[in-house]
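Written out below as structure tokens is the structure these notes cover.
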There are 2 protein chains.
Amino acid sequence: MTATSTPRPDRSAAVKEKIRGVSQHLFARDGFDATGIRDIAAEAGVNPAIIIRHFGSKERLFVETLDAKTSWAHALEGPLDDLGKRLVRALMSGQGALHVFGATVRASGRSDVRAYLQASFAEKLVAPLAEMLDAPDAELRAHLFAAQVAGMMFALSVYDDEYLISAPAEAIVELYGDSLQRTATG
Amino acid sequence: MTATSTPRPDRSAAVKEKIRGVSQHLFARDGFDATGIRDIAAEAGVNPAIIIRHFGSKERLFVETLDAKTSWAHALEGPLDDLGKRLVRALMSGQGALHVFGATVRASGRSDVRAYLQASFAEKLVAPLAEMLDAPDAELRAHLFAAQVAGMMFALSVYDDEYLISAPAEAIVELYGDSLQRTATG
DNA sequence: GTCTATAACGTGATAGAC
DNA sequence: GTCTATCACGTTATAGAC
């Protein structure tokens, strides 16, 4: 053990960060399948093998990279009787989150990705939702609410419903938000 | 032009049918990614190459195989004011369709599969729905309705919401069906 | 001439040697 | 950390069987 060792500068940290950045860009732009380990490596200026070494697998890199982008926290806080429309509005405005969701779903054939999707919904949406509702069937309503939210995201970013994508956002907020509200509170 | 030509009996029809049957089974059971062309070929007792020759690609085989399983026709017909609950009920009872939907979504990284998903929703669900609603915003409501239906399917078969899967179906029909109804008819 | 089988090609992720 | 090997995949090229 060298007493004069540097204070652990973690010289691989910079490389990992670089890889993360490139992955985030490429995965979001081209999706999981179309983005190869070699593409990421080339763009980051590193060897393909070290990506696996650092992150374990392409799957885990994908999950780690795209996580922590979607936060419902902001949309959830506010008056309960406006929850439905507020959430739809947040959903329609934040394109970034939608894009990430789409990429994740399209990669959901991989088990790790699907597991992440599951955990993400449960922890980030259903759990806080169940907490803020106080009806006896709060838990059930929270799950149904999440499903309904997922439906809109699915339409917009997975099967790409052109009609909804180009429809006036306010009309969607009005109708879907209203229906969503009914799911949350009788 | 030979007047006595046979009506193209397609000598390989039996083989194609065999491949279709095996594919249907394996794709539904193990999903798109985990099912290899070689697996299908082995199970069907044919050569891997002829699968590609007959169906063009694994993707097209997948789509052709799993199509025509989901038909909303039966659930759609009936009184309009009961549409929501009727559809949820149909959805919860027919496990087959859900399974197929899940497999399709998990393969939606492939462009052909995603295109099929898009067309499938548009033609089989949205279009007939828009026809039977007669409000001025019927078109919009039909699209929102489809999105909401997709959400429930997504929860049950893609991110596998255990709570919803094991919840009493009647409770779900009641709440989600009610909300769905509101989406369809003010 | 149409259908089928053999063998290869290109590319993907990943594991192991240096 | 880097390079190279390996293995599985979908797909194609080629040639044989009916």
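Residue numbers begin at 1 in each chain, while the letters A, B, ... track the order of the sequences.
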Checking all strands, does Val15(B) fall into the base, sugar-phosphate, or nothing category for heavy-atom contacts under 4.0 angstrom?
sugar-phosphate
Give the rounded distance in Å between these two atoms: CZ of Phe62(B) and C1' of dT11(D).
19 Å
Give the rounded distance in Å between these two atoms: CD1 of Ile51(B) and C1' of dT12(D).
15 Å
Go through dT2(D), dT11(D), dC3(C) for me and flag the one nearest to the Arg53(B) side chain.
dC3(C)
Counting distance only, does the side-chain N/O of Thr183(B) pair as donor-acceptor with the main-chain N or O of Ser179(A) below 3.5 Å?
no
The test is salt bridge (charged side-chain N to carboxylate O under 4.0 Å, His left out); show your working for Asp178(B) and Arg182(A) and say whether it passes.
CA-CA 8 Å; Asp178(B) 182 62; Arg182(A) 196 175 179 90; 2.4 Å; yes
Quick one, Val46(B) and Ile40(B) - any side-chain contact, counting heavy atoms below 4.5 Å?
no
Kindly compute the distance separating NE2 (His99(A)) from CE (Met153(A)), expressed to the nearest 0.5 Å.
12.5 Å
For the side chain of Ala49(A), counting heavy atoms from C-beta on, which of dT6(C), dC3(D), dT11(D) is nearest?
dC3(D)
Nearest to the Ser12(B) side chain among dG1(D), dT14(C), dC3(C), which nucleotide is it?
dC3(C)
Starting at atom CZ of Phe32(B), determine the distance to atom P of dC9(D), rounded to an integer number of angstrom.
13 Å
Figure out the CZ/P separation between Arg110(B) and dG12(C), and round it to whole Å.
12 Å
Atom CG of Asp33(A) to atom C1' of dG12(C): distance rounded to whole Å?
11 Å
How long is the line joining CZ of Phe55(B) and C1' of dC3(C), in whole Å?
14 Å
Rounded distance in Å - NZ (Lys58(B)) to C1' (dG12(C))
13 Å
Distance check: side-chain N/O of Asn47(A) vs OP1/OP2 of dC3(D), anything under 4.0 Å?
yes
What's the CG-C1' distance between Asp39(B) and dC9(D), to the nearest Å?
10 Å
Side chain of Ile50(B): nearest nucleotide among dT2(D), dG10(D), dT4(C)?
dT4(C)
What's the spacing between Thr35(A) OG1 and Leu26(A) CG if we round to 0.5 Å?
5.5 Å
